[in-house]
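Order of listing sets the numbers, starting from 1, for every ligand and every atom in it.
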Amino acid sequence: MSRVYNFSAGPAALPAEVMRRAQAEFRDCNGTGMSAMEMSHRSKAFIAIAEQAEADLRELLVIPANYKVLFLQGGATMQFGAIPLNLLRGKNTADYFRTGAWSEKAVKEAQRFCAVNLAVDTQAGNYTDIPDASEWKFSKDAAYVHYTPNETIHGVEFHDVPEAGDIPLVADMSSNILSRPIEVSKFGVIYAGAQKNIGPAGLCVVIIRDDLLGYMPEGYPSLLDYTAHAKAGSMLNTPPTYAWYFAGLVFQWLKDEGGIAAMEARNIQKSRKLYDFIDASDFYSNPVAKHCRSRMNVPFTLAKPELDKLFVEEADKAGLKNLEGHRSVGGMRASIYNAMPEAGVDALIAFMQEFEKRHG
Ligand SMILES: *Cc1c(COP(=O)(O)O)cnc(C)c1O
């Protein structure tokens, strides 16, 4: 099989080195004679894997000691509901930034539990820009402020952390966690489904400041209660053990590659190359305002949309996989997470040049 570059938005490509290591350890993990997927989550062998993964994630993101790290299930979507349940703390309003398809979903779910004030709303402009902070409209008594630092579908990314004062800031980092350094102390909660930049689907990481624990109201499933998960070390029930193990391998790979600062440098380089090429071309375009373009997900359209299907087909034949845009947006989208090597972006650009020559 010839070289394939997978531009899927998620589940997404994983680092080749990590895949090879997982393969080597598949049936005998750490000399136990067992696969990580065959271990009891309460066994010494698995607890060691779980603790190492948490320690490595803490090191990579420099997570302060007053934050708990939870390894949960239900994806980011379950957190859309768990966040209001755990964080409203007797209040009935939360502020949300609606800047793309994922925050739109987060808003809808939160509205089942509280009044949502849209402090920022870019829906009318098809989610292609983020207004200046002077135009944000926070409410007076919000329990928390929620935003989506990277909109995976619309390709919009915040390059600065919003200033929310004393109100806990909650971030759905599903598609840009570990792609750039962050100052964890600016956040009340960070959560991220694993299948973009952490590992396989089935795992969701939640990082929560410990003073926000203890407020879950009665009458809801305990699996939605962050406090119960924190007390049980994320082992209230059987956690997604293999995904947890695999995430640990990715964290070790990130450390070996020079950590998050090194990743950010690569991600800047990869995304800049692709945007520069698109901007220099009359055939391809990206609709997002330059100051908030995503380093992770690059949507683009063709001057002749009737060629979209052909583009995706020919790219696929050339080994460039999963370039079709999200069905809600159309066009194309290249997701270039940490695991995408710069050579993959180079191959994409070369293909785009050649396609334009033939069809432009
Ligand atoms: C993919 C994604 C989600 C949804 O994740 P699930 O694991 O399918 O629930 C939510 N938010 C963002 C930003 C995403 O990229």
Side-chain angles (χ1 to χ4, degrees), residues 6-14 70-85 94 96-112 116 120 122-123 127-128 130 144-159 161-162 169-180 182 187 189-207 223-224 226 229 234 239-240 242-244 246-247 250 267 271 288 292-299 322 324-329 333-340:
N6 175 11
F7 294 90
S8 172
L14 291 160
L70 310 177
F71 291 82
L72 308 181
Q73 302 183 58
T77 304
M78 195 157 91
Q79 317 320 317
F80 291 169
I83 292 289
L85 283 172
Y96 275 71
F97 287 22
R98 188 162 69 178
T99 54
W102 285 113
S103 48
E104 191 178 309
K105 289 204 166 144
V107 165
K108 277 207 183 117
E109 191 70 7
Q111 281 168 333
R112 302 165 52 130
V116 168
V120 174
T122 61
Q123 191 181 51
Y127 300 129
T128 50
I130 298 169
Y144 60 90
V145 175
H146 179 284
Y147 84 118
T148 307
N150 184 65
E151 288 283 1
T152 320
I153 291 173
H154 288 85
V156 172
E157 184 168 11
F158 286 76
H159 294 293
V161 178
L169 183 63
V170 179
D172 172 4
M173 281 192 200
S174 294
S175 53
N176 73 347
I177 193 165
L178 298 166
S179 71
R180 57 195 298 154
I182 47 166
F187 298 88
V189 179
I190 293 166
Y191 63 97
Q195 69 272 25
K196 279 79 183 227
N197 226 359
I198 296 179
L203 171 72
C204 185
V205 171
V206 175
I207 302 166
L223 283 175
L224 292 169
Y226 293 148
H229 282 298
S234 304
Y242 195 75
W244 191 335
F246 203 103
V250 172
N267 290 327
S271 57
V288 179
C292 57
R293 283 175 168 179
S294 170
R295 293 174 185 164
M296 299 283 99
N297 310 96
V298 181
N322 293 311
E324 60 272 31
H326 191 269
R327 60 192 184 280
S328 65
V329 176
R333 172 177 49 166
S335 294
I336 49 173
Y337 301 115
N338 286 345
M340 176 61 65

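- Nearest-heavy-atom check against atom 11 (N) of ligand 1 across N176, I177, D172 picks out D172.
- The heavy atom nearest to atom 6 (P) of ligand 1, considering only E151, M78, M173, Q195, is found in Q195.
- Note on ring orientation: taking the six-membered ring where Trp is involved, the planes of H146 and Y96 are parallel (angle under 30°, cut-offs 30° and 60°).
- The closest approach between a heavy atom of G193 and any atom of ligand 1 is not below 4.0 Å.
- When R180, R295, R293 are each tested for a salt bridge (charged side-chain N to carboxylate O under 4.0 Å, His left out) with E157, only one passes: R180.
- For ligand 1 and G75, the ligand atoms under 4.0 Å from any heavy atom of the residue are 7 (O), 9 (O).
- With respect to atom 14 (C) of ligand 1, the closest heavy atom belonging to the protein is K196 NZ, 2.9 Å.
- Checked by atom type, the side-chain pair N267/Y337 shows no donor-acceptor distance below 3.5 Å.
- Residue contacts with ligand 1: T77 is placed with a nitrogen or oxygen under 3.5 Å of a nitrogen or oxygen of the ligand (distance criterion only).
- Nearest protein neighbour of atom 15 (O) of ligand 1, counting heavy atoms only, is T152 OG1, 2.4 Å.
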Would H154 and V288 count as a side chain to side chain contact (heavy atoms under 4.5 Å, CB included) if you check the C-alpha gap in whole Å, the side-chain angles of each, and the deciding distance to 0.1 Å?
CA-CA 8 Å; H154 288 85; V288 179; 5.9 Å; no
The test is side chain to side chain contact (heavy atoms under 4.5 Å, CB included); show your working for R333 and T152 and say whether it passes.
CA-CA 10 Å; R333 172 177 49 166; T152 320; 4.0 Å; yes
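- The distance criterion of under 3.5 Å between nitrogen or oxygen atoms is not met by G74 with respect to ligand 1.
- A donor-acceptor pair under 3.5 Å is absent between the side-chain atoms of H159 and the main chain of C292, judged by distance alone.
- Tested against N150, the residues N197, T99, N297, N176 include a single side-chain hydrogen bond (donor to acceptor under 3.5 Å, both in side chains) partner, N297.
- Contact annotation for F80 and ligand 1: only side-chain heavy atoms (C-beta onward) come within less than 4.0 Å of the ligand.
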